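This is a predicted model, so every value here is computed, not measured. Just so you know, these numbers use all the heavy atoms, side chains as well, and skip hydrogens, waters and symmetry mates. Residue numbers start from 1 in every chain, and the chains themselves are labelled A, B, ... in the order their sequence lines are given, proteins ahead of strands.
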There are 2 protein chains.
Amino acid sequence: MKGQDVILGVLLEAPMSGYDIKHHFEKHFPDMFVASFGTIYPTLNRMEKEGLIEKEIILQEGKPNKNIYHITEMGKEAFHAYIQSPIEPKTIKYDFMMRLVFGKHVSQQQILEWLNQELNQLKEDLLKLKIQQEDSCDCYCACQKLALRFGIAIQQAGVTELENIIAEFECSSQNEKTF
Amino acid sequence: MKGQDVILGVLLEAPMSGYDIKHHFEKHFPDMFVASFGTIYPTLNRMEKEGLIEKEIILQEGKPNKNIYHITEMGKEAFHAYIQSPIEPKTIKYDFMMRLVFGKHVSQQQILEWLNQELNQLKEDLLKLKIQQEDSCDCYCACQKLALRFGIAIQQAGVTELENIIAEFECSSQNEKTF
DNA sequence: GTCCACATGTAAAGAGTTACATGATTAT
DNA sequence: ATAATCATGTAACTCTTTACATGTGGAC
């Protein structure tokens with residue numbers, strides 16, 4: 001799953017500019033894929049040269065012009081090649097977990113701070129997903145609702161477990177100093 | 001969190017070769033960080049040039065020689081700079097979830113296949129973590145056990161939710177064809 | 001008066017992957 | 001015979017990030 005595949009997937013829904021695409025990513029699947037403008041714009045230009053998409057320039061006043069991209073037949077074929085290829089294993093880079101692995105090199109204070117920080121982050125993300133779920137009544141297909149539900153279940157489990165861990169941690173560090 | 005940081009973290013435990021380091025990664029934190037030999041060897045060479053680690057060549061018969069790397073004082077400082085820097089947000093690339101988002105473009109058959117595939121993968125990973133947890137009595141510090149426990153909770157939630165989703169999916173596709 | 005939203009793009013650098021090359025030993 | 005384990009390394013490539021450049025209009 002590369003930038004190109006996801007871009008084709010969203011252009012299949014509606015023609016869009018690079019700017020729109022980034023906001024679409026952030027709104028609809030912030031947890032599955034991230035891309036910066038530095039990735040999106042060059043990718044769009046390459047895809048246009050290759051004939052996967054077509055540019056339509058919208059002249060605007062007071063704002064820069066917009067390049068609206070439409071998917072072509074070739075683009076649709078490229079998307080179907082992706083969607084029918086074997087699923088790629090997920091890759092995670094989870095600095096918080098790595099810190100726990102190396103936890104013996106820092107103070108208990110530091111670890112507690114990390115735990116609370118991560119808990120806040122997880123709670124925030126969970127809230128966003130739940131809001132998305134409530135707003136999604138009609139515009140999402142059944143499959144997208146499944147994805148959301150799956151994501152929420154995982155996130156919720158993370159929050160619950162972290163809360164337990166923090167409670168125990170605070171308890172044990174009051175009694176014995178050698179956690 | 002780059003390759004260098006994790007390498008320094010494991011060399012802090014014990015001197016090791018590039019080959020050992022990769023196996024250490026795979027055994028102890030397969031879900032948090034992945035690195036290929038193509039990353040590890042060039043990184044080790046660069047780190048040696050920079051004085052973060054020192055090479056000790058072990059001559060072997062019947063096998064290629066081993067380069068055992070030891071962490072230096074400079075390396076320890078570099079590690080502490082990492083461990084005290086702000087935690088980086090986790091990044092995920094989760095093709096399976098993306099496929100669900102684009103699910104309307106494929107058959108129900110295909111989706112069910114994806115769901116079952118992912119369930120098997122999650123179950124397998126969960127089993128590995130549980131085995132690791134049982135084997136970990138002494139060699140892991142309290143923090144590492146927390147990391148493991150946290151990972152297991154998340155993984156377990158994924159398995160449970162996917163099982164529910166699959167059960168519902170099979171039910172609904174028997175009755176109405178328009179999932 | 002300062003920051004954010006709109007809108008696109010380039011250049012340089014960083015990080016990592018895949019595939020190749022080498023070669024002995026051990027297990028099936 | 002054939003594959004896996006041990007062990008290191010390079011080269012080419014891909015992907016992505018960060019930082020810069022440009023410029024208007026509206027909100028606080």
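- What separates CE of B/Met16 from P of D/dT8 is a distance of 13 Å, to the nearest Å.
- Residue contacts for B/Gly18: at a heavy-atom cut-off of 4.0 Å it reaches the sugar-phosphate backbone alone, with no base atom in range.
- Both B/Arg46 and A/Ile68 lie close to DNA chain C; mapped to their nearest nucleotides by heavy-atom distance, the more 5′-ward contact belongs to A/Ile68.
- When rounded to the nearest whole Å, the span between CG of B/Asn45 and C1' of C/dG16 equals 16 Å.
- Rounded to a whole Å, the CG atom of A/Asp20 is 12 Å from the C1' atom of C/dT8.
- Its side chain outside the 4.5 Å cluster rule for every partner, A/Val34 clusters with none of the Ile, Leu, Val, Met, Phe, Trp and Tyr residues.
- As judged by a 4.0 angstrom heavy-atom cut-off over every strand, B/Lys93 is placed among residues touching the sugar-phosphate backbone only.
- Distance from the side chain of A/His23 is smallest to C/dC6 among C/dC6, C/dT17, D/dC6.
- If you take CD1 of A/Ile58 and C1' of C/dT8, they are 15 Å apart, rounded to a whole angstrom.
- Residue A/Asn67 places at least one side-chain N or O closer than 4.0 Å to OP1 or OP2 of C/dG9.
- The side chain of A/Phe33 approaches D/dT16 more closely than any other nucleotide in the set D/dT16, D/dC6, D/dT10.
- Going from atom CD of A/Glu61 over to atom P of D/dG23 covers 18 Å, rounded to whole Å.
- For A/Tyr41, counting side-chain heavy atoms from C-beta on, the closest listed nucleotide (C/dT10, D/dT10, C/dA5) is C/dT10.
- If you check every strand for non-hydrogen atoms under 4.0 Å, A/Ser17 touches sugar and phosphate atoms only.
- An OP1 or OP2 oxygen of C/dC6 is reached within less than 4.0 angstrom by no side-chain nitrogen or oxygen of A/Gln60.
- Among the nucleotides C/dT10, D/dT8, C/dA5, the one closest to any side-chain atom of A/Tyr19 is C/dA5.
- When distances are taken from the side chain of A/Lys66 to each of C/dA7, D/dT5, D/dT10, the shortest belongs to C/dA7.
- In the set D/dT16, C/dA7, D/dT8, D/dT16 carries the atom at the smallest distance from any side-chain atom of A/Thr39.
- Rounding to whole angstrom units, CD of residue B/Glu48 and C1' of D/dG9 are separated by 14 Å.
- Between B/Lys63 and C/dT25 there is no side-chain polar atom (N or O) within less than 4.0 angstrom of OP1 or OP2.
- Residue B/Ser36 has a polar side-chain atom (N or O) positioned under 4.0 Å from OP1 or OP2 of C/dT17.
- Each of B/Gly38 and A/Pro64 was matched to the nucleotide of DNA chain D holding its nearest heavy atom; the match closer to the 5' end belongs to B/Gly38.
- With 3.5 Å as the limit, one finds no donor-acceptor pair spanning the side chains of B/Tyr82 and B/Glu77.
- Looking at A/Asp125 and A/Gln121, their side chains do bring a donor and an acceptor atom within 3.5 Å of each other.
- Distance A/Glu88 CD to C/dT17 P: 13 Å, rounded to the nearest Å.
- Between B/Phe37 and B/Tyr41, the ring center distance clears the sub-6.0 Å criterion.
- Look at B/Arg99 and B/Glu113 and you find no salt bridge, because none of the NZ, NE, NH1 or NH2 atoms lies under 4.0 Å from a carboxylate O.
- With no hydrogens or angles considered, no side-chain donor-acceptor pair links A/Tyr94 and B/Glu88 at under 3.5 Å.
- Distance B/Ile21 CD1 to D/dA7 P: 13 Å, rounded to the nearest Å.
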